[in-house]
Amino acid sequence: MKAPGAFVDAFQLDRKSAHGTLSGPAGPETHASGTEKPRTWTSKRLMACGLEVGLSIGRGASLVNRAASGRRHARGREKGLGLESLRMSVVTRYAPSPTGALHIGGARTALFNWAFARHAGGTFVLRFEDTDRARSTRESEEDVLEALSWLGLDYDPVPGFAEIPRQSERLDRYRETVETLLRTGAAYRCTCTVEEVEAMREAARAAGRKPSYDGTCRDKGIGAEVDLPFCVRLRVIEGGLTRWEDLIAGNSGEDVSQVDDFVLARTDGTPIYHLAVVVDDHDMGITHVIRGREHMTSTPRQLLLYQALGFAPPQFAHVPLLVEPGGKKLSKRHASVSVQSYRDRGFTPETMLNFIARLGWGHSDLEIFSKEELVKLFSLTGVGRSPSQVHDDKLLWLSQHYIKTLPMGTLFSYARPFLEAEAGGPVPAEPGLERLLDLLRERSKSLAEMARLARFYLTDAIELEPKAARKHLTPRIAQPLQELRDALAALPKWSEEALKQSFHVALERHAVKLAELAQPVRVAIVGGAASPGIFETLELLGRERSLKRIDAAIERIGTDAED
RNA sequence: GUCCCCAUCGUCUAGCCUGGCCCAGGACACCGGCCUUUCACGCCGGCAACGCGGGUUCGAAUCCCGCUGGGGACGCCA
């Protein structure tokens with residue numbers, strides 16, 4: 001484990017040499033590679049930095065070859081690479097903005113970060129990016145925390161930081177960083193209004209260029225004393241490095257000319273996302289930024305910021321988007337894809353973890369794996385580069401797999417809320433119920449479905465499905481049914497074996513097949529045409545409840561016949 | 001509009017870097033059969049893909065170019 005002081009040390013070191021040079025790479029790569037050479041930002045240096053990381057990983061040469069071979073086939077890249085040497089150095093983070101429930105895409109990003117860190121024996125941290133005060137809420141934070149814990153993704157504390165770091169609590173640090181940038185000339189004050197900037201964008205668009213800020217205030221040298229409201233922008237320098245070797249996407253980036261002087265701090269002095277992430281990722285010692293593809297185009301800006309601040313950038317890995325069955329981007333607002341909604345539909349955490357991981361990540365033909373196996377097998381090279389659609393088919397299959405194989409204790413604890421909802425009250429564990437649940441495993445694709453099927457046992461308030469009743473509760477079966485009922489009532493012992501005997505007696509007397517009598521009984525006692533074997537179902541229900549329901553069914557046949 | 005990216009069965013994917021083992025493998029879904037007191041489970045079998053066009057090569061899903069299609073980003077949001 002890293003010494004508790006490591007984050008703080010790196011932090012202070014860099015602040016002293018905040019621009020242009022620095023006395024050592026900021027990240028933990030330093031510890032891995034052991035270099036302490038002064039560093040300036042040139043493209044050669046950056047490449048060297050990548051090389052160092054590659055070497056520290058263990059096969060620098062192959063990494064360089066890959067970079068040279070272009071962006072395709074980033075995956076075979078680190079195949080067979082021993083991650084031993086990565087241990088102790090990896091720090092990943094999941095940094096959601098708490099503006100809604102955790103949806104499946106966010107959960108996957110969190111999962112990948114977590115799995116990558118755990119695989120490497122590293123650290124996984126959580127951070128709330130709540131600089132957008134208007135949209136961030138504590139409720140959303142709770143939702144995210146709850147979803148993460150439900151999935152079993154644990155996170156580590158960061159020395160020197162709050163238990164769960166929030167950007168809103170680090171405003172001073174950002175402000176101070178902006179001051180530094182202003183002082184060194186890496187950033188400047190801009191008094192253009194939002195409307196003016198909008199007009200510039202329009203003009204650029206009209207001229208067939210990428211919408212951007214035109215640099216009006218760039219060389220005005222506006223000081224702190226201006227009485228107009230101002231925001232702070234980064235002075236994007238020619239020759240700035242905006243390309244990187246993405247661990248998933250391969251050789252990535254765009255020309256600096258495509259990046260405009262973007263805003264670092266708002267008119268009210270609060271920081272913009274780019275500034276906050278870069279400062280935080282650096283201060284927290286993040287070594288690998290694994291995030292959604294939608295952040296891909298903002299990476300060049302952040303790279304530029306790293307340079308302006310004299311920080312060594314982390315490694316980046318951009319995970320392809322998750323899309324709706326149609327192929328469109330998964331709407332974050334869509335509540336139906338939140339982790340909680342999957343939980344409420346009756347899927348177990350094991351199911352979701354397995355399902356989510358399989359969306360975009362693969363390890364040969366492996367379909368079913370536990371959290372532990374995922375940690376053992378996970379690698380970024382196993383992550384694909386194209387978007388995946390979220391379909392329920394495989395989810396349902398996986399769900400049933402886990403329902404079939406989970407230990408009873410675990411199954412019951414997961415199923416309990418669903419069972420109680422059907423029962424309309426508390427449902428304690430007892431042998432009969434557990435026996436029923438065992439019989440229902442093969443018939444349930446979700447806990448909700450399982451509870452529905454168990455309803456006949458949980459409550460006496462059952463309703464007969466009209467269709468099933470019409471088909472099986474017919475006048476011609478009334479007589480055999482009544483005889484069976486009386487035989488059952490007279491049974492000395494209510495056991496599966498004895499029940500079977502009674503059925504056979506009735507069957508022979510009336511020359512009907514088992515199915516012809518079993519189905520009516522089934523409908524009578526469970527309300528529908530589907531249930532576990534009729535004898536075990538009767539045995540489970542018990543004599544009293546069974547007879548009562550059969551009586552009700554016979555009566556029903558009578559009244560129906562009169563109609 | 002401008003930049004960037006992606007492209008194997010309906011879906012999730014293996015294979016692509018290091019061309020031949022791939023007339024492309026697995027899984028889900030679907031279809032058929034078996035089992036059977038219902039519903040399921042299970043077992044067996046089947047359908048089904050390298051987007052298109054050029055090149056390179058003895059040989060291309062794999063390498064190169066173009067096209068088409070799809071997506072993402074272009075905020076004083078994150």
Side-chain angles (χ1 to χ4, degrees), chain A residues 62 65-66 69-77 79 95-97 99 129-132 134-136 190 192-194 197-198 201 204-212 229-233 249 252-255 258-260 262-268 270 272-274 276-277 292-298 300 318 320-321 323 325 327-329 355 358-368 384-398 400 404 439-444 453 468 472 503 513-519 521-523 526 528-535:
Chain A
S62 75
N65 284 343
R66 273 191 259 108
S69 73
R71 53 178 65 107
R72 290 184 82 83
H73 311 300
R75 35 198 318 124
R77 298 191 310 187
K79 192 135 276 186
S97 50
T99 54
E129 309 216 320
D130 57 350
T131 49
D132 182 349
R135 292 197 294 147
S136 302
C190 168
C192 293
T193 63
V194 176
V197 176
E198 189 47 48
R201 273 196 278 269
R205 200 186 293 265
R209 284 180 289 113
K210 191 174 176 179
S212 52
F230 65 86
C231 67
V232 177
R233 289 179 182 275
S252 306
E254 57 188 347
D255 197 85
Q258 294 300 320
V259 185
D260 66 353
F262 60 97
V263 173
L264 297 176
R266 303 183 178 97
T267 306
D268 66 5
T270 57
I272 282 305
Y273 162 73
H274 297 297
V277 239
R293 200 105 185 188
E294 69 269 26
H295 292 280
M296 192 102 176
T297 46
S298 63
H318 290 91
L321 259 27
V323 296
K328 300 271 177 288
K329 184 184 177 186
F355 178 66
R358 204 67 187 77
L359 251 24
W361 176 80
H363 186 267
S364 67
D365 288 340
L366 191 64
E367 292 289 351
I368 290 170
R385 328 166 65 127
S386 45
S388 353
Q389 299 184 25
V390 182
H391 277 232
D392 278 356
D393 287 347
K394 203 170 249 184
L395 171 65
L396 260 12
W397 168 73
L398 266 178
Q400 178 156 39
K404 281 196 290 191
L439 295 172
L440 257 21
R441 287 176 189 261
E442 318 264 277
R443 293 160 234 263
S444 316
L453 294 174
H472 299 291
F503 265 75
K513 281 183 287 189
L514 177 55
E516 294 176 81
L517 188 53
Q519 280 307 82
V521 173
R522 195 187 311 277
V523 172
V526 311
S531 88
I534 191 64
F535 306 120

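All of these numbers come straight from a predicted model, not from anything done at the bench. Note on naming: letters A, B, ... go to the chains in the order of the sequence lines (proteins, then strands), and numbering restarts at 1 for each one.
- B/rU62 and B/rA7 have their P atoms separated by 12 Å, given to the nearest Å.
- The residue A/Ala518 sits close to a base: some heavy atom pair falls under 4.0 Å.
- Out of B/rU11, B/rG75, B/rU38, the shortest distance to the side chain of A/Pro211 is found at B/rG75.
- Base pairing of B/rC39 is not made with any nucleotide, judged by Watson-Crick or G-U wobble geometry with both donor-acceptor distances under 3.5 Å.
- In terms of modelled atom types and a separation under 3.5 Å, the side chain of A/Arg385 and the main chain of A/Ala249 share a donor-acceptor contact.
- Taking atom P on both nucleotides, B/rG66 is separated from B/rA29 by 42 Å, rounded to a whole Å.
- Of the candidate nucleotides B/rU2, B/rC12, B/rA78, B/rC12 has the atom lying nearest to any side-chain atom of A/Glu367.
- Distance from the side chain of A/Leu514 is smallest for B/rU37 among the nucleotides B/rU11, B/rU37, B/rC39.
- Here the nucleotide nearest the side chain of A/Thr297, chosen from B/rG72, B/rU13, B/rU2, is B/rG72.
- In terms of position on RNA chain B, the residue among A/Trp397 and A/Pro387 whose nearest nucleotide sits closer to the 5' end is A/Pro387.
- Side-chain proximity of A/Arg443 to B/rU37, B/rA40, B/rA78: nearest is B/rA40.
- For B/rG10, the paired nucleotide is B/rC28, the pair qualifying as Watson-Crick or G-U wobble because both relevant distances are below 3.5 Å.
- Considering only the side chain of A/Arg385, B/rC6 comes nearest among B/rA40, B/rU37, B/rC6.
- Close to B/rG75, at under 4.0 Å from its OP1 or OP2, lies a side-chain N or O of A/Arg201.
- Atom P of B/rC67 sits at a distance of 41 Å from the matching atom of B/rC30, rounded to the whole Å.
- Between A/Lys210 and B/rC4 there is no side-chain polar atom (N or O) within less than 4.0 angstrom of OP1 or OP2.
- Looking only at side-chain heavy atoms (C-beta outward), A/Ile272 and A/Val263 come within less than 4.5 Å of each other.
- For B/rC39, the base has no donor-acceptor partner in the side chain of A/Ser531 [N/O atoms by modelled type, under 3.5 angstrom].
- The base-pairing partner of B/rU56, taking Watson-Crick or G-U wobble contacts with both distances under 3.5 Å, does not exist among the strands shown.
- Across B/rU18 and B/rU11, the matching C1' atoms stand 31 Å from one another, rounded to whole Å.
- Across all strands shown, A/Thr267 has heavy atoms under 4.0 Å from base atoms, whether or not it also approaches the sugar-phosphate.
- Regarding A/Leu398, its CG atom lies at a distance of 13 Å from the C1' atom of B/rA29, rounded to whole Å.
- In this structure, A/His391 does not pack face-to-face on the six-membered ring of B/rA29, missing the 5.5 Å centre cutoff or the 30° plane limit.
- The C1' atoms of B/rC9 and B/rA14 are separated by 13 Å, rounded to the nearest whole Å.
- Below 30°, between 30° and 60°, or above 60°: for A/His274 and A/Phe262 the angle between ring planes is above 60°, a perpendicular geometry.
- Between the NE2 atom of A/His363 and the C1' atom of B/rC12 there is a distance of 17 Å, rounded to whole Å.
- Spacing between atom CG of A/Asp260 and atom C1' of B/rU2 amounts to 13 Å, rounded to whole angstrom units.
- Rounding to whole angstrom units, CZ of residue A/Phe535 and P of B/rU36 are separated by 15 Å.
- Rounded to whole angstrom, the span from the CD atom of A/Glu516 across to the C1' atom of B/rU37 amounts to 11 Å.
- Residue contacts shown for A/Ile272 are limited to sugar-phosphate atoms, with no base heavy atom under 4.0 Å away.
- For the P atoms, the distance from B/rC34 to B/rG26 is 25 Å, rounded to whole Å.
- Taking atom C1' in both B/rA24 and B/rC50, the straight-line distance is 7 Å, to the nearest Å.
- Taking the C1' atom of each, B/rC47 and B/rG32 are spaced 10 Å apart, rounded to whole Å.
- Under 3.5 Å, the side chain of A/Arg522 and the base of B/rU37 form at least one donor-acceptor pair of N or O atoms.
- When the nucleotides B/rC6, B/rC12, B/rU38 are ranked by their closest atom to the side chain of A/Arg293, B/rC6 comes out on top.
- Counting all heavy atoms, side chain and backbone alike, A/Val323 lies closest to A/Pro387 at CG1-CB, 4.1 Å.
- OP1 or OP2 of B/rA78 sits under 4.0 Å from a side-chain N or O of A/Thr131.
- In this structure, B/rA73 forms a base pair with B/rU2, meeting either the Watson-Crick or the G-U wobble geometry with both donor-acceptor distances under 3.5 Å.
- The nearest pair of heavy atoms linking A/Pro300 to A/Val259 is CB-CG2, 4.1 Å.
- Searching all strands for a Watson-Crick or G-U wobble partner of B/rC21 with both distances below 3.5 Å returns nothing.
- A/Lys513 comes within contact range of no nucleotide atom at all, as no heavy-atom separation falls under 4.0 Å.
- Proximity of A/Ser386 to A/Pro320: side-chain heavy atoms (C-beta onward) are nowhere separated by under 4.5 Å.
- Side-chain atoms of A/Arg201 and A/Lys210, non-hydrogen and from C-beta on, never get closer than 4.5 Å to each other.
- Taking the side chain of A/Asp393 as heavy atoms from C-beta on, and the options B/rC28, B/rC76, B/rC12, the nearest nucleotide is B/rC28.
- Nucleotide B/rC9 holds its P atom 14 Å from the NZ atom of A/Lys394, rounded to whole Å.
- For the pair A/Trp361 CH2 and B/rA27 P, the interatomic distance rounds to 17 Å; values are reported in whole Å.
- The nearest pair of heavy atoms linking A/Ala468 to A/Ala529 is CB-N, 4.2 Å.
- The side chain of A/Asp365 sits closest to B/rG25 out of B/rG25, B/rG72, B/rA78.
- Searching all strands for a Watson-Crick or G-U wobble partner of B/rG51 with both distances below 3.5 Å returns B/rC67.
- Ring centers of A/His391 and A/Phe355: at least 6.0 Å apart, outside the cut-off.
- Taking every side-chain heavy atom of A/Glu254 into account, B/rC4 is the closest of B/rC4, B/rU11, B/rU38.
- Within 4.0 Å (heavy atoms only), A/Gly528 reaches no atom of the nucleic acid at all.
- Atoms NE2 (A/His295) and P (B/rG75) sit 16 Å apart, rounded to a whole Å.
- Nucleic acid contact class of A/Pro325 (heavy atoms, under 4.0 Å, all strands): none.
- Projected onto RNA chain B by closest heavy-atom contact, A/Ser388 and A/Gly208 fall at different nucleotides, the more 5' of which corresponds to A/Gly208.
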